[in-house]
Amino acid sequence: MAKSTRHAKYELYYHIVFVPKCRRSHLTGKTKERLETIFAEICEDKGLELAESEVMPDHVHLFIGSPPKNAPSLIVNWVKGISARKYNQRYDDRVKWTRSYYVGTARSASKGAVEEYIAEQEGSDA
């Protein structure tokens, strides 16, 4: 559903994928739960919609809705930078992200397909 600001109506969603620096580190169990909570906190603090998230053992998928004032690169920087900082301050184990990432846009017609794909990923890592 389209949202609006004072001067614009929008429906912008970004599919973001990034990986930890150490691919051997598995983002599972408590680490996975903690990261999902932190991603939700970041989106709430920044006025973003976390439509879907999936933390896989070796990478992260996020599907985030944002007002047009936020560039996709800014959203990625927020999510990666703040999540690593919060996680490392709160817990003994460490999380570091690589500098690279993937970001793609999704029209409203394909939003459901992207959400379904991300939700299906949880079952495929078993």
Side-chain angles (χ1 to χ4, degrees):
M1 175 179 294
K3 296 184 177 137
S4 61
T5 63
R6 288 180 14 184
H7 303 288
K9 287 205 173 278
Y10 64 91
E11 192 169 8
L12 296 173
Y13 289 90
Y14 302 104
H15 179 198
I16 299 167
V17 182
F18 52 94
V19 299
K21 271 195 175 180
C22 181
R23 293 288 292 237
R24 287 177 287 135
S25 68
H26 290 285
L27 305 176
T28 58
K30 287 191 178 203
T31 303
K32 175 181 177 171
E33 294 171 16
R34 292 168 176 170
L35 284 170
E36 288 173 343
T37 300
I38 290 171
F39 294 141
E41 288 173 12
I42 294 166
C43 288
E44 186 176 330
D45 291 346
K46 297 294 184 181
L48 305 171
E49 175 192 354
L50 183 59
E52 197 72 40
S53 72
E54 185 58 44
V55 178
M56 305 296 287
D58 63 347
H59 65 284
V60 174
H61 287 272
L62 299 175
F63 195 51
I64 296 177
S66 172
K69 68 179 181 178
N70 300 323
S73 60
L74 177 64
I75 297 167
V76 172
N77 286 336
W78 282 342
V79 170
K80 288 171 61 177
I82 296 171
S83 67
R85 190 167 41 259
K86 282 187 174 193
Y87 190 93
N88 295 338
Q89 288 173 348
R90 293 178 186 176
Y91 307 107
D92 292 334
D93 54 331
R94 296 284 179 238
V95 169
K96 291 183 181 180
W97 307 116
T98 62
R99 292 176 53 184
S100 60
Y101 61 89
Y102 164 83
V103 64
T105 58
R107 297 180 322 160
S108 59
S110 64
K111 177 180 177 270
V114 174
E115 288 175 341
E116 184 178 319
Y117 168 77
I118 292 172
E120 288 173 358
Q121 293 302 303
E122 183 172 281
S124 68
D125 69 337

Could you walk me through whether Lys86 and Glu41 pass the side chain to side chain contact (heavy atoms under 4.5 Å, CB included) test, one step at a time? CA-CA 10 Å; Lys86 282 187 174 193; Glu41 288 173 12; 3.4 Å; yes
Given Val76 and Tyr14, is the side chain to side chain contact (heavy atoms under 4.5 Å, CB included) satisfied, shown in steps? CA-CA 10 Å; Val76 172; Tyr14 302 104; over 6 Å; no
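- For Gly47 against Pro67, the heavy-atom pair with the smallest separation is O-CD, 3.9 Å.
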Does the pair Ser73 and Tyr101 meet the rule for a side chain to side chain contact (heavy atoms under 4.5 Å, CB included), with working shown? CA-CA 9 Å; Ser73 60; Tyr101 61 89; 3.6 Å; yes
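- If you take NZ on Lys21 and OG on Ser100, they are separated by 10.5 Å, rounding to the nearest 0.5 Å.
- Once rounded to the nearest 0.5 Å, the distance linking CD1 of Ile42 with CG of Leu35 reads 9.0 Å.
- When side chains are defined from C-beta on, Ile82 counts as touching Lys46, because their heavy atoms get closer than 4.5 Å.
- Ile64 and Val79 get closest at one heavy-atom pair: CD1-CG2, 3.9 Å.
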If you apply the rule side chain to side chain contact (heavy atoms under 4.5 Å, CB included), what do you find for Lys32 with Glu54, and how did you get there? CA-CA 9 Å; Lys32 175 181 177 171; Glu54 185 58 44; 3.1 Å; yes
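- Between Pro20 and Asp58, the shortest heavy-atom distance links the atoms CD-O, 3.3 Å.
- To the nearest 0.5 Å, atoms CH2 (Trp78) and SG (Cys43) are separated by 10.0 Å.
- Between the Lys3 side chain and the Leu12 main chain, no donor and acceptor come within less than 3.5 Å of each other.
- Ring planes of Trp97 and Phe18: perpendicular class, angle over 60° (limits at 30 and 60°).
- Ring geometry, His15 versus Phe63: the interplanar angle exceeds 60°, so the pair is classed perpendicular (tilted spans 30 to 60°).
- Looking at every heavy atom in both residues, Ser83 comes nearest to Ile38 through CA-CG2, 3.7 Å.
- To the nearest 0.5 Å, atoms CD (Glu52) and NE2 (His61) are separated by 11.0 Å.
- Contact detail for Ser53 and Leu62: the closest heavy-atom pair is CB-CD2, 3.5 Å.
- Side-chain contact between Ile75 and Val103 is absent, with no heavy-atom pair separated by less than 4.5 Å.
- Crowding of Arg90 atom CZ: a count of heavy atoms from other residues, nucleotides or ligands under 6.0 Å exceeding 12.
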Could you go through Thr31 and Tyr91, starting from their C-alpha distance and side-chain angles, then the distance that decides it, and tell me whether this counts as side-chain hydrogen bond (donor to acceptor under 3.5 Å, both in side chains)? CA-CA 9 Å; Thr31 303; Tyr91 307 107; over 6 Å; no
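- The hydrophobic clustering, which links ILVMFWY residues whose side-chain heavy atoms are closer than 4.5 Å, places Leu74 and Val17 apart.
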